[in-house]
Protein chains: 2
Amino acid sequence: MCGISIDMERKPYLTPKQQKVLDFIRKRIGERLPPTIREIGEELGFKSTGTVRDYLKALMQKGLVRRMNNKSRAIELTERASFKIPIIGTIMAGKPNLAYEEIQGYVDADDLFLGRLGFDDVFALRVKGDSMIDAGIIEGDIAIIKKRPHADNNDIVAALLDNNEVTLKRLRSKSGKFHLEAANSNYAPIFEEFKVIGKLITVIRKY
Amino acid sequence: MCGISIDMERKPYLTPKQQKVLDFIRKRIGERLPPTIREIGEELGFKSTGTVRDYLKALMQKGLVRRMNNKSRAIELTERASFKIPIIGTIMAGKPNLAYEEIQGYVDADDLFLGRLGFDDVFALRVKGDSMIDAGIIEGDIAIIKKRPHADNNDIVAALLDNNEVTLKRLRSKSGKFHLEAANSNYAPIFEEFKVIGKLITVIRKY
DNA sequence: TGACAAACCACACAAATGTGTGGTATATCT
DNA sequence: AGATATACCACACATTTGTGTGGTTTGTCA
């Protein structure tokens with residue numbers, strides 16, 4: 001019951017057909033392009049464009065869809081409708097299909113790793129070695145770095161060393177002077193010259 | 001020079017204008033919708049749709065763009081052109097703008113965390129506690145789980161325990177019988193009854 | 001019974017969008 | 001000099017696509 005009530009708060013009631021229309025739009029947007037009105041009609045078996053427009057109107061009134069006038073395929077999903085992966089807590093046991101008991105929130109699939117950053121400002125490093133292991137960053141991880149020429153104390157940064165190597169370390173300031181610190185007691189702090197080229201915003205690890 | 005030559009192998013030569021057209025298409029696709037021919041023309045300052053079509057033809061011949069006939073906005077980027085975040089090694093120092101010296105590869109922004117999985121098969125867990133810390137999985141991480149009723153030895157799995165708790169642990173088999181193991185010597189292995197509900201495929205951490 | 005919403009359809013029309021033909025000018029390469 | 005590529009433009013036309021009006025049927029709720 002708990003999971004259902006959370007769900008109800010997030011989404012307005014949709015008729016089964018309206019849900020199908022929404023799902024089709026979502027599918028098409030995910031695959032490639034938002035559909036045209038006639039494409040929706042063909043998929044759902046409607047013979048009139050007016051029918052599809054009735055559905056779009058309903059979805060718009062319920063705040064799930066936004067459109068631009070007189071523009072082809074200009075259908076977009078609102079935040080309420082955008083795809084979210086549920087973050088679950090406990091799960092109902094003893095059922096053929098798992099039922100989420102406690103949904104703690106949602107991860108927006110689009111924003112998951114980059115948010116609304118421009119791609120231009122981002123690059124990735126593949127992590128080598130174990131110097132950041134105490135921060136949970138291990139060999140093979142992909143570190144997503146946002147380009148920035150400076151950072152704050154305790155930020156993990158990508159820094160350019162004198163030998164042109166790029167390294168991922170924690171930035172520390174001590175009496176007004178910055179140095180780099182590994183997250184592994186086997187490594188000594190780095191007091192050499194360096195340049196901050198970006199700040200760590202996300203770590204991704206694939207299995 | 002090294003970085004440039006790698007780049008050349010991946011991308012055919014584009015004139016500056018062609019690059020601008022491609023960038024605009026990419027931007028629009030990322031923002032919402034692929035542009036129409038006229039929208040491209042307006043953006044780039046072309047007064048004729050024919051001009052834009054010349055550019056699209058060039059981009060198609062170079063294998064960067066695909067189109068469908070007589071369909072509005074039906075422009076898509078091919079794999080060669082799809083957005084990739086560069087994974088860099090060393091970086092050229094002493095320049096006003098950083099220049100990538102050694103590009104080891106690219107992370108495809110779309111595939112980055114889910115690949116081409118259907119969303120239906122995926123859910124997320126927010127990691128609590130430190131029981132997987134030796135595997136580099138720490139509190140607050142988002143664990144992306146692919147639903148599966150079984151897994152192999154040494155896989156990290158989401159498992160449902162008798163008390164309806166879901167836990168992230170490593171699956172181990174010993175003499176034909178499975179149990180769960182933490183990646184932290186402070187925790188004892190779990191030999192109770194459990195059910196595998198999915199396999200860990202990706203870990204994401206945001207800073 | 002009447003009001004209302006959901007769930008359809010037909011069809012005309014307008015606007016947006018893609019296509020095709022035929023140009024011009026400039027630069028490069030052979 | 002001729003071939004080729006880039007880099008544009010104008011304009012007509014076909015097709016796609018969105019809009020608008022006016023219906024019918026079914027069920028629910030007051």
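Every value quoted in this text rests on a predicted model; they were computed, and no experiment measured them. Convention: sequence-line order gives letters A, B, ...; per-chain numbering from 1.
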For [N], take OP1 and OP2 only and decide whether either is under 4.0 Å from a side-chain N or O of [X].
X: A:Lys47; N: C:dC11; result: no
X: B:Tyr55; N: D:dC8; result: yes
X: B:Thr15; N: D:dT6; result: no

Between B:Arg66 and B:Glu76, does any NZ, NE, NH1 or NH2 come within less than 4.0 Å of an OD or OE carboxylate oxygen? yes
Return the value, rounded to whole Å, for the distance between atom [atom1] of [X] and atom [atom2] of [N].
X: A:Leu56; N: C:dA7; atom1: CG; atom2: C1'; result: 14 Å
X: B:Gln61; N: D:dT6; atom1: CD; atom2: C1'; result: 12 Å
X: B:Lys20; N: D:dT6; atom1: NZ; atom2: P; result: 18 Å
X: B:Ile40; N: C:dG18; atom1: CD1; atom2: C1'; result: 12 Å
X: B:Lys57; N: C:dG18; atom1: NZ; atom2: P; result: 16 Å
X: B:Met60; N: C:dT19; atom1: CE; atom2: C1'; result: 13 Å

Got a sec, which residues hit ring pair (Phe, Tyr, Trp, His ring centres under 6.0 Å) with A:Tyr207, two or more places apart in sequence or on another chain? none
Mind checking ring pair (Phe, Tyr, Trp, His ring centres under 6.0 Å) for A:Phe46 and listing every partner two or more places apart, or none if nothing turns up? A:Tyr55
Quick one: what's the B/S/- string for nucleotides 15-29 of chain D, heavy-atom cutoff under 4.0 Å, read 5' to 3'? -SBBBB---------
Counting only N and O atoms by type, is there a donor-acceptor contact under 3.5 Å from the side chain of A:Arg67 to the main-chain atoms of A:Leu56? no
Keeping the roles fixed (side chain from B:Thr78, backbone from B:Gly63), state whether a donor-acceptor pair exists under 3.5 Å. yes
Just checking, is any N or O donor in the side chain of A:Arg172 or A:Asn153 under 3.5 Å from an acceptor N or O on the other one? no
